[in-house]
Amino acid sequence: MKINRVEIDNFMAIGQATLAFDSKGLVLIQGENKDDTSQNSNGAGKSTMVEALNWAIYNETARGDTGDSIVNEKAEKDCRVLVQIVDDAHTYNVIRHRKHKTHKNRLMLLDVTNPLDVIDLTSATDKSTQDRINKIIGCSSDVFRAAIYYGQEAQIDLPSLTDKHLKAIVEEAAGIDKMQEAHAIARAKHTAATRAVEVANGELSRAKFSLDNASEHGKELAIKQSSYDADTKANVEKLLSGATEYAKKAKSERALAASIPATDLEAELVTLSESIVSVKDENEHLSHLISASNEAKSKLANLERDFANKKLSAETLKGKLLKINDEIGTSCGSCGHVIAESDLAARTALLKSDFASKINEAKSVSEMIKLSRTSLDKSIASVDEYRASMTDISASVARQSEINNQLAIYRTHVKNAELAMSSAIAVKEQINKLKESANPFGSMIVDNQDEILNLSDAVDAAKKNLEAAQHLETIQSKVSDVFSPSGIRAHILDTVTPFLNDKTARYLGILSDGNISASWSTLSKTAKGEIRERFAIEVTSNTGGKSYRSLSGGEKRKVRLSTALALQDLVSSRAAKPIELWIGDEIDDAVDGAGLERLMTVLEEKAKEKGTVLIISHNELSDWCRQQATVVKENGMSTVDGVLNIDRDLGV
């Protein structure tokens with residue numbers, strides 16, 4: 001992967017610049033500060049072009065500038081940096097804006113492989129777009145600043161890093177971070193495989209449970225089938241016994257009916273009926289006489305009740321006459337007048353008149369009673385006389401009743417015989433139905449047997465699924481172990497360490513004439529002398545320093561530069577996407593005059609390997625760097641001249 005070009009607008013010191021970073025070899029970048037000649041090249045903006053690269057890709061600068069602080073102070077707006085990245089067959093433009101009149105603070109990612117068909121890969125959020133950019137670059141900002149961009153502000157002090165931080169950078173530089181992702185994927189697959197084993201175990205348990213239930217159900221059905229057959233047999237025997245009893249009863253009732261001469265009795269009954277009918281007129285006349293007698297009785301009873309009422313009224317009036325004086329001071333029952341003594345005469349006369357009237361009425365009714373009683377006696381005598389003269393049919397009626405009783409008994413026996421026979425026939429039909437009916441548990445047993453076969457197949461299938469799941473779980477477990485920290489990652493780190501040691505020794509030998517040594521290690525001794533896993537860079541000096549901390553500032557810069565160059569070599573040899581670029585900012589401060597020539601020789605070799613090596617320096621290094629670029633600051637804005645400067649391609 002390579003950085004093709006960088007377009008800068010109003011970023012920090014630079015007003016506008018378009019720079020080509022691809023295949024430029026070894027390039028010296030110097031500066032000229034026309035706004036402050038006392039600083040010479042300092043403050044011109046030499047580091048700004050690589051800071052722009054870092055900011056566009058990672059949204060950060062080595063010096064920690066954030067937000068609007070990266071916008072050129074003179075322009076105050078329209079900050080934009082475009083970085084064009086070539087990754088295999090694809091070309092991408094990463095464009096980051098700040099206070100831009102059109103795009104505000106937007107981050108954009110475009111696929112410009114075909115300039116006539118640009119594909120916008122910008123996501124809905126800057127975070128999602130940044131994730132895509134990181135995948136394209138193939139390394140984090142830490143690795144970029146540790147292995148690609150070594151500068152005054154950007155450098156990461158590798159020997160001072162913690163075990164965890166140093167290990168993370170080396171793992172990413174060596175491409176082992178991909179194995180971390182692989183381990184996470186493998187672990188997730190192992191977890192899924194373990195879960196699949198649990199699921200398969202559960203399915204097998206459920207299948208076995210269902211099969212056991214079906215088998216138990218089959219046993220229950222067999223018992224119920226036998227019980228049903230036994231019950232049916234018992235019911236048939238019971239019904240047969242009942243049918244026999246009904247047949248016996250029918251025979252007995254027929255015999256009893258046959259013992260009664262029903263035909264003769266019916267013929268005799270006809271003759272008796274005819275003789276009884278012959279006295280019909282006599283009975284009708286007798287009925288009329290009886291009705292007349294009853295009417296006379298009713299009339300006499302009514303007259304006797306009327307006489308009693310009138311007699312009672314007369315006696316009541318008589319009592320009032322005897323107690324006439326008691327009415328003084330009482331109210332008249334008719335008009336409500338209070339009766340006085342002066343009223344007694346009139347009151348007595350009135351009561352006597354009413355009493356006489358009631359006596360006369362009673363006498364009249366008494367006479368009528370006498371006449372009615374005489375008439376009743378005559379009517380009763382007529383009934384008795386006529387009844388005595390009537391034909392006597394009592395014997396015929398008695399015989400008729402006797403015959404009817406015998407015929408009723410006959411019919412009862414016949415009916416009982418018919419009912420008994422009907423019951424016997426019904427029972428026989430019920431027996432036939434029982435015999436013909438199929439045992440309902442038979443079909444259930446057949447279905448149960450089919451179910452058991454299917455469940456047996458399901459159990460076998462569940463066993464195979466479990467075996468397959470267990471086999472896959474074993475494989476995934478081993479795969480997870482392979483990509484675990486103690487697996488291939490540890491092995492690779494063990495192989496990486498000699499590579500880093502070899503490269504660091506070479507660069508440090510050049511820079512320090514062999515007086516300083518630095519060793520990358522994955523193991524270290526504790527205060528107790530125990531060996532434990534710990535990633536670190538152990539540094540010693542032949543001139544007295546026994547640790548990195550005890551070195552002088554210049555010696556530390558040599559160690560930092562050597563380890564950074566070694567790490568960059570590791571990125572080139574092992575990283576998933578080696579970046580064909582290396583940037584050194586003021587690295588010549590790390591060496592003396594004797595080591596500078598050797599250092600530049602190393603950088604020349606690295607430029608041939610990487611395609612482009614940019615050396616930013618305020619010192620005169622033109623003897624070693626034939627290609628140069630100059631950053632000139634004037635009137636608050638810097639421009640770039642020299643080999644890196646190109647015309648802007650407005651098409652993309």
Side-chain angles (χ1 to χ4, degrees), residues 62 139-177 492-524 534-543 545-575 578-579 581-592 595 598-600 602-603 605-606 609-610 613 615:
C139 70
S140 66
S141 62
D142 277 354
V143 171
F144 187 83
R145 288 192 292 116
I148 306 301
Y149 176 25
Y150 180 91
Q152 299 178 85
E153 306 290 349
Q155 63 183 261
I156 291 179
D157 193 355
L158 292 172
S160 296
L161 295 181
T162 63
D163 165 61
K164 182 178 180 181
H165 196 179
L166 182 61
K167 186 176 182 181
I169 288 178
V170 173
E171 284 184 345
E172 185 180 345
I176 301 176
D177 62 314
I492 292 177
L493 281 178
D494 289 341
T495 61
V496 162
T497 302
F499 177 89
L500 290 172
N501 283 332
D502 180 63
K503 293 295 183 179
T504 301
R506 179 182 177 229
Y507 295 130
L508 198 53
I510 292 173
L511 297 177
S512 69
D513 290 331
N515 290 323
I516 304 173
S517 63
S519 175
W520 302 67
S521 65
T522 57
L523 299 174
S524 65
R534 180 177 175 272
F535 210 89
I537 301 176
E538 303 293 341
V539 180
T540 59
S541 172
N542 295 334
T543 60
K546 298 303 180 184
S547 68
Y548 180 70
R549 288 184 179 181
S550 64
L551 298 181
S552 67
E555 289 174 324
K556 286 181 179 179
R557 286 196 297 274
K558 292 176 182 179
V559 173
R560 284 198 295 268
L561 177 58
S562 298
T563 54
L565 289 170
L567 190 63
Q568 204 278 340
D569 288 340
L570 177 64
V571 170
S572 298
S573 65
R574 291 180 178 264
I579 299 175
L581 174 68
W582 192 82
I583 302 168
D585 190 355
E586 306 293 355
I587 60 170
D588 51 314
D589 285 349
V591 294
D592 53 22
R598 287 175 288 177
L599 172 62
M600 298 307 294
V602 170
L603 295 178
E605 293 176 359
K606 189 173 285 293
E609 294 173 5
K610 306 305 174 190
V613 172
I615 304 301

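Values reported hereafter were calculated over all heavy atoms of this structure, with side chains retained and with hydrogens, waters and symmetry mates removed.
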> Rounded to the nearest 0.5 Å, how far does NZ of Lys558 lie from OG of Ser552?
Replying inline: 7.5 Å
>> Give me the atom names and distance for the closest heavy-atom approach of Ala566 to Leu500.
In response: O-CD2, 3.8 Å
> Roughly how far apart are Arg560 CZ and Asp157 CG, rounded to 0.5 Å?
Replying inline: 5.0 Å
> Are any of the side-chain heavy atoms of Leu599 and Leu561 separated by less than 4.5 Å?
Replying inline: yes
>> Let's go through Leu158 and Tyr548 carefully: what are the C-alpha distance in whole Å and the side-chain angles of both, what is the deciding distance for side chain to side chain contact (heavy atoms under 4.5 Å, CB included) to 0.1 Å, and is it a yes or a no?
In response: CA-CA 11 Å; Leu158 292 172; Tyr548 180 70; over 6 Å; no
>> Working to the nearest 0.5 angstrom, can you tell me the gap between Glu538 CD and Ser517 OG?
In response: 10.0 Å
> For Asn542, what residues pass the side-chain contact (heavy atoms from CB on, under 4.5 Å) criterion, not counting sequence neighbours?
Replying inline: Asn515
>> Is there a side-chain contact between Thr563 and Trp520 in this structure, where contact means two heavy atoms from C-beta onward sitting under 4.5 Å apart?
In response: yes
> Between the main-chain N or O of Thr497 and the side-chain N or O of Asn501, is there a donor-acceptor pair closer than 3.5 Å?
Replying inline: yes
> In chain order, what residues pass the side-chain contact (heavy atoms from CB on, under 4.5 Å) check against Lys606, with sequence neighbours excluded?
Replying inline: Tyr507, Leu565, Gln568, Asp569, Trp582, Lys610, Val613
> Which pair of heavy atoms, one from Arg506 and one from Glu605, lies closest together, and at what distance?
Replying inline: NH2-OE1, 2.8 Å
> When rounded to the nearest 0.5 angstrom, what distance separates CZ in Arg557 from CG in Leu551?
Replying inline: 11.5 Å
> In Å, rounded to the nearest 0.5 Å, how long is the span from OG of Ser562 to NZ of Lys503?
Replying inline: 12.5 Å
